[in-house]
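All residue numbers in this chain count up from 1 along the given sequence.
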Amino acid sequence: MSEVYIDPSPANFQSFKDLPRDTPINMLNLLLYREKAEYPEGHEHAGKGWSGKEAYKEYGRTSGPIFARVGGRILWRGRFETMVTGPEVRQWHNGFIAHYPNAGAFFEMIKDPDYQLAVVNRTAALVDSRLIRFAPGSVGEGFA
């Protein structure tokens, strides 16, 4: 699989921005860590020899308080085991679903100056990712 994604494309981000901002959202995050984190030259963590997983933990540590302040919470978290439906060549290390009270809270988080410093850790940590927005639905016994 040759295409990798760390940040949204302008078109995808515009689609996100065009959706309602005042309704709850759930964001599915799929993560594939780098073997070794890749920080920009001169960054405080460059040269520490961190793994991608360690750099992502730093992202969580530094962005977590901002995520909580805007009303975010983790609904589900899991460790990848195998691809059942999808390309066999794509594996993920971890995944989680983050809930935001509304899309405005997500925008508040990503515009926060401290978050903008923290997100460098995410970029350094990941070789590939997916961030997929869902509107919360009802839960129960059926699939539909």
Side-chain angles (χ1 to χ4, degrees), residues 1-139 143:
M1 188 169 239
S2 61
E3 292 187 75
V4 296
Y5 303 88
I6 304 298
D7 297 313
S9 71
N12 284 355
F13 196 58
Q14 187 60 52
S15 294
F16 179 90
K17 292 190 306 187
D18 290 343
L19 291 169
R21 295 188 183 198
D22 58 352
T23 59
I25 62 170
N26 292 336
M27 301 287 274
L28 172 62
N29 291 255
L30 300 175
L31 311 172
L32 183 64
Y33 304 121
R34 295 178 188 278
E35 188 172 317
K36 185 175 178 183
E38 292 184 8
Y39 282 97
E41 180 125 1
H43 188 274
E44 65 178 312
H45 299 313
K48 287 187 175 179
W50 284 359
S51 68
K53 188 173 184 175
E54 289 170 311
Y56 201 85
K57 284 182 182 180
E58 180 69 5
Y59 167 66
R61 186 188 70 73
T62 55
S63 68
I66 303 157
F67 174 65
R69 180 177 48 76
V70 302
R73 60 189 170 94
I74 301 299
L75 298 181
W76 171 88
R77 179 184 329 269
R79 180 181 46 81
F80 178 87
E81 291 186 333
T82 192
M83 185 70 72
V84 178
T85 302
E88 294 85 16
V89 297
R90 172 48 65 228
Q91 296 185 7
W92 303 102
H93 288 119
N94 293 103
F96 65 92
I97 298 173
H99 173 81
Y100 296 86
N102 53 58
F106 180 83
F107 286 115
E108 180 182 342
M109 180 184 76
I110 65 172
K111 290 178 181 178
D112 184 287
D114 290 332
Y115 179 84
Q116 292 174 6
L117 293 173
V119 80
V120 174
N121 295 297
R122 181 184 184 280
T123 302
L126 299 174
V127 69
D128 197 5
S129 68
R130 300 294 184 274
L131 182 59
I132 306 166
R133 176 178 166 166
F134 289 90
S138 61
V139 295
F143 291 124

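With contacts defined as side-chain heavy-atom distances shorter than 4.5 Å, the pair L32/L126 does not qualify. Counting only heavy atoms from C-beta outward, the side chains of Y33 and L31 approach each other to under 4.5 Å. You'll find the side chain of L30 stays beyond 4.5 Å of the side chain of F96, heavy atoms only. Taking the side chain as every heavy atom from C-beta outward, T62 and N121 approach each other to under 4.5 Å. Counting only heavy atoms from C-beta outward, the side chains of R90 and M83 approach each other to under 4.5 Å.
Contact detail for V4 and V127: the closest heavy-atom pair is CB-O, 3.5 Å. Residue G60 comes nearest to P65 through the heavy atom pair O-CD, 4.5 Å, listed as atom of the first residue, atom of the second, then distance. Shortest non-hydrogen contact noted between M27 and Y100 is CG-CE1, 3.7 Å. Looking at every heavy atom in both residues, R122 comes nearest to D7 through NH1-OD1, 4.4 Å.
Residues satisfying the side chain to side chain contact (heavy atoms under 4.5 Å, CB included) criterion with P40, sequence neighbours excluded, are H43, V120. Residues passing the side chain to side chain donor-acceptor pair (under 3.5 Å) test with E38, sequence neighbours excluded: R34.
Taken from OH in Y39 to OG1 in T123, the straight-line distance is 9.5 Å, to the nearest 0.5 Å. Atom-to-atom distance recorded for N29:CG and L131:CG is 5.0 Å, nearest 0.5 angstrom.
With hydrogens and angles disregarded, a donor-acceptor distance shorter than 3.5 Å links the side chain of S129 to the backbone of Y5.
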Would you mind writing out the side-chain donor-acceptor pairs for residues 105-114 within the sub-3.5 Å range, not counting sequence neighbours?
{"residue": "E108", "atom": "OE2", "partner": "R69", "partner atom": "NH1", "Å": "3.0"}
{"residue": "D112", "atom": "OD1", "partner": "D114", "partner atom": "N", "Å": "2.7"}
{"residue": "D112", "atom": "OD1", "partner": "Y115", "partner atom": "N", "Å": "3.2"}
{"residue": "D112", "atom": "OD2", "partner": "R69", "partner atom": "NH2", "Å": "2.5"}

For a quick test of your reading: what N or O donor-acceptor pairs under 3.5 Å do the side chains of residues 14-25 make, sequence neighbours left out?
{"residue": "Q14", "atom": "NE2", "partner": "D18", "partner atom": "OD1", "Å": "2.7"}
{"residue": "S15", "atom": "OG", "partner": "A11", "partner atom": "O", "Å": "3.2"}

Validation: residues 46-57 side-chain donor-acceptor distances under 3.5 Å, sequence neighbours left out:
{"residue": "K48", "atom": "NZ", "partner": "H45", "partner atom": "ND1", "Å": "2.9"}
{"residue": "S51", "atom": "OG", "partner": "K53", "partner atom": "N", "Å": "3.4"}
{"residue": "S51", "atom": "OG", "partner": "E54", "partner atom": "N", "Å": "3.0"}
{"residue": "S51", "atom": "OG", "partner": "E54", "partner atom": "OE1", "Å": "3.3"}
{"residue": "E54", "atom": "OE1", "partner": "S51", "partner atom": "N", "Å": "2.6"}

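Here side chain to side chain donor-acceptor pair (under 3.5 Å) pairs that include residues 77-88, with residues two or more places apart or in two chains, number zero.
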With side-chain contact (heavy atoms from CB on, under 4.5 Å) as the criterion, how do L75 and N26 come out once you've worked through the C-alpha distance, each side chain's angles and the decisive distance to 0.1 Å? CA-CA 9 Å; L75 298 181; N26 292 336; 3.5 Å; yes
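H93 and F80 have their aromatic ring centers separated by at least 6.0 angstrom.
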